[in-house]
Amino acid sequence: MTPSADPVEPTADPTRRPRPAVVFTDVLSDDGTRLRAWSNDPDDERGAPTVLLCNGLGTNAFAWPALLDPDCGVRVISWNHRGIGGSARPLDPERVDIGAFVEDALSVMDHYGVDRAVTVGWSIGVNTMFELAVRHPERVAGLFAVAGVPGDTFATMLGPLRLPRAAARAATVGFSHAVRLSGRVLSPIARRLPIGPRTVGVLSHSGFMLPVADVDLTAAAIREFLQVPLDWYFHVALRTSEHPRVRLSQVQVPAVFVAGRWDLMAGARHMAQAAERVGDGTYVELPGTHFVQMEQPEQVHALLLDFLRRVG
């Protein structure tokens, strides 16, 4: 496979100040699905500790400003989800569940020659990395969970509203079904939305997101996300909603849970409960939302570096 280096992802605005390069390459998963993998140091030239990033569903490298800093002290390997960001859709459209994502994670690790690594997960990526730790414990050295819970994710959404799990799950799954059905109509509209500092400013005062550290980078992340066909995105989301709660008693490595206090997508109290059920679990709550690594990148990154030192 031929790697390609891009300072920014394809749909980013080239007039903005240049960003550190991430290098993209194609990787085949076990079922033959072509994945768009990426790394900030594909050949491990810097000798920094490697982390496998299991990203949020449909998101991109722009969502991790601290990891795009050339001096971040971390080698990142990751990939874009099936049918998103240059990754192909699988021949079987139902193969977009957490089990398939675990296979993809292993394929990415094998491609970059990584036998074992600390995994970083955000949102639905937390499901992926915990499932990976249970199925393949020899490949996982530690778990750094940001704004996500290990399974039954949709039942923990709308956490600040204190809804019962069943009610939260019914509301969020129902919403996903509705948007999936109308996605082909809504997607062309979403792609044309003007996303810039003003839009980010509105979102940052909506309660859904707080003010972010890098407005330009956040705008790029949103623009890239809006290129994803909404019908496909919510099809994938509904498949991941079927992932049950992981049996945390089987997790044998250290885990850190970093929660945003006002997160509507992964309830902080559910993350705290998960941390208590892990043998070596630590819970950290920051004043933030589901996008806490964009709102407080330095704090989240400092926690990650401390965790990497701890697990060696």
Is Arg198 atom CZ crowded by more than 12 heavy atoms from other residues, nucleotides or ligands, each under 6.0 Å away?
->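 Count not over threshold, so no.
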More than 12 heavy atoms of other residues, nucleotides or ligands under 6.0 Å from CG of Leu91: is that the case?
-> no
Are [Y] and [X] co-members of a hydrophobic cluster defined by side-chain heavy atoms under 4.5 Å apart?
X      : Y      : value
Met271 : Leu210 : no
Leu68  : Val51  : yes
Leu238 : Leu181 : no
Phe144 : Val311 : yes
Ile189 : Leu230 : no

State whether a side-chain donor-acceptor pair under 3.5 Å links [X] with [Y].
X     : Y     : answer
Arg75 : Thr50 : yes
Trp64 : Asn55 : yes
Ser39 : Asp41 : no

Compare every heavy atom of [Y] with every heavy atom of [X], then report the nearest pair and how far apart it is.
X      : Y      : result
Ser29  : Leu35  : CB-CD1, 4.0 Å
Asn40  : Pro42  : C-CD, 3.9 Å
Val74  : Leu308 : CG2-CD1, 3.8 Å
Asn60  : Ala221 : ND2-O, 3.3 Å
Arg191 : Pro229 : NH2-CG, 3.7 Å
Thr33  : Asp31  : OG1-OD1, 2.8 Å

Taking the side chain from [X] and the backbone from [Y], do they hold a donor-acceptor pair closer than 3.5 Å?
X      : Y      : result
Gln296 : Gly288 : no
His301 : Leu67  : no
Arg239 : His235 : no
Arg139 : Ala133 : no
Arg34  : Gly86  : yes
Ser123 : Gly148 : no
Glu131 : Val246 : no
Ser107 : Glu103 : yes
His270 : Ala266 : no

Between His290 and Trp122, is the gap from one ring center to the other below 6.0 Å?
->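 That pair passes the under 6.0 Å test.
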Decide if the gap between the ring center of Phe225 and the ring center of Phe291 is smaller than 6.0 angstrom.
->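 No, the ring centres sit 6.0 Å or more apart.
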Is any side-chain heavy atom of [Y] closer than 4.5 Å to one of [X]?
X      : Y      : result
Arg36  : Asp26  : yes
Leu303 : Val256 : no
Thr218 : Met209 : yes
Ile222 : Leu203 : yes
Leu52  : Val118 : no
Ser204 : Val202 : no
Val251 : Val134 : yes

Hey, could you give me the [atom1]/[atom2] distance between [X] and [Y], rounded to the nearest 0.5 Å?
X      : Y      : atom1 : atom2 : value
Leu248 : Gln273 : CG    : CD    : 11.0 Å
Leu132 : Ile98  : CG    : CD1   : 11.5 Å
Glu242 : Asn127 : CD    : CG    : 12.5 Å
Thr240 : His81  : OG1   : NE2   : 8.5 Å
Asp216 : Asp214 : CG    : CG    : 6.0 Å
Leu57  : Met265 : CG    : CE    : 9.5 Å

Can you run down the side-chain hydrogen bond (donor to acceptor under 3.5 Å, both in side chains) pairs that involve residues 244-257, sequence neighbours left out, and say none if there aren't any?
->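 Checked against side-chain hydrogen bond (donor to acceptor under 3.5 Å, both in side chains) - neighbours excluded - no pair reaches residues 244-257.
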Verdict with supporting geometry, Thr25 and Val27, side-chain contact (heavy atoms from CB on, under 4.5 Å) | CA-CA 7 Å; Thr25 190; Val27 174; 4.2 Å; yes
Derivation of the salt bridge (Lys or Arg N to Asp or Glu O under 4.0 Å) call for Arg184 and Asp231 | CA-CA 6 Å; Arg184 291 187 180 181; Asp231 54 332; 3.3 Å; yes
Ring-face cation of Arg89 near Trp232 (centre distance under 6.0 Å, axis angle within 45°) = yes
In sequence, state the C-alpha distance, the side-chain angles, and the governing distance for Leu286 and Val300, and then conclude on side-chain contact (heavy atoms from CB on, under 4.5 Å).
-> CA-CA 9 Å; Leu286 298 176; Val300 174; 3.9 Å; yes
Report the C-alpha distance between Phe101 and Phe130 in whole Å, list the side-chain angles of each, state the deciding distance to 0.1 Å, and finish with yes or no for ring pair (Phe, Tyr, Trp, His ring centres under 6.0 Å).
-> CA-CA 11 Å; Phe101 293 170; Phe130 270 91; over 10 Å; no
Run the salt bridge (Lys or Arg N to Asp or Glu O under 4.0 Å) check on Asp263 and Arg269 step by step: do they pass?
-> CA-CA 10 Å; Asp263 189 345; Arg269 75 178 188 278; over 6 Å; no
side-chain contact (heavy atoms from CB on, under 4.5 Å) between Val292 and Val146: does it pass, once the steps are laid out?
-> CA-CA 8 Å; Val292 64; Val146 178; 3.7 Å; yes
Stepwise, does the side-chain contact (heavy atoms from CB on, under 4.5 Å) test hold for Glu138 with Arg116?
-> CA-CA 7 Å; Glu138 74 284 357; Arg116 192 166 186 257; 5.8 Å; no
Could you check Arg82 against Asp92 for salt bridge (Lys or Arg N to Asp or Glu O under 4.0 Å), going step by step and ending with a plain yes or no?
-> CA-CA 11 Å; Arg82 297 173 168 224; Asp92 179 358; over 6 Å; no
If you measure from the Lys or Arg side-chain nitrogens to the Asp or Glu carboxylate oxygens, is any gap between Asp104 and Arg95 under 4.0 Å?
-> no
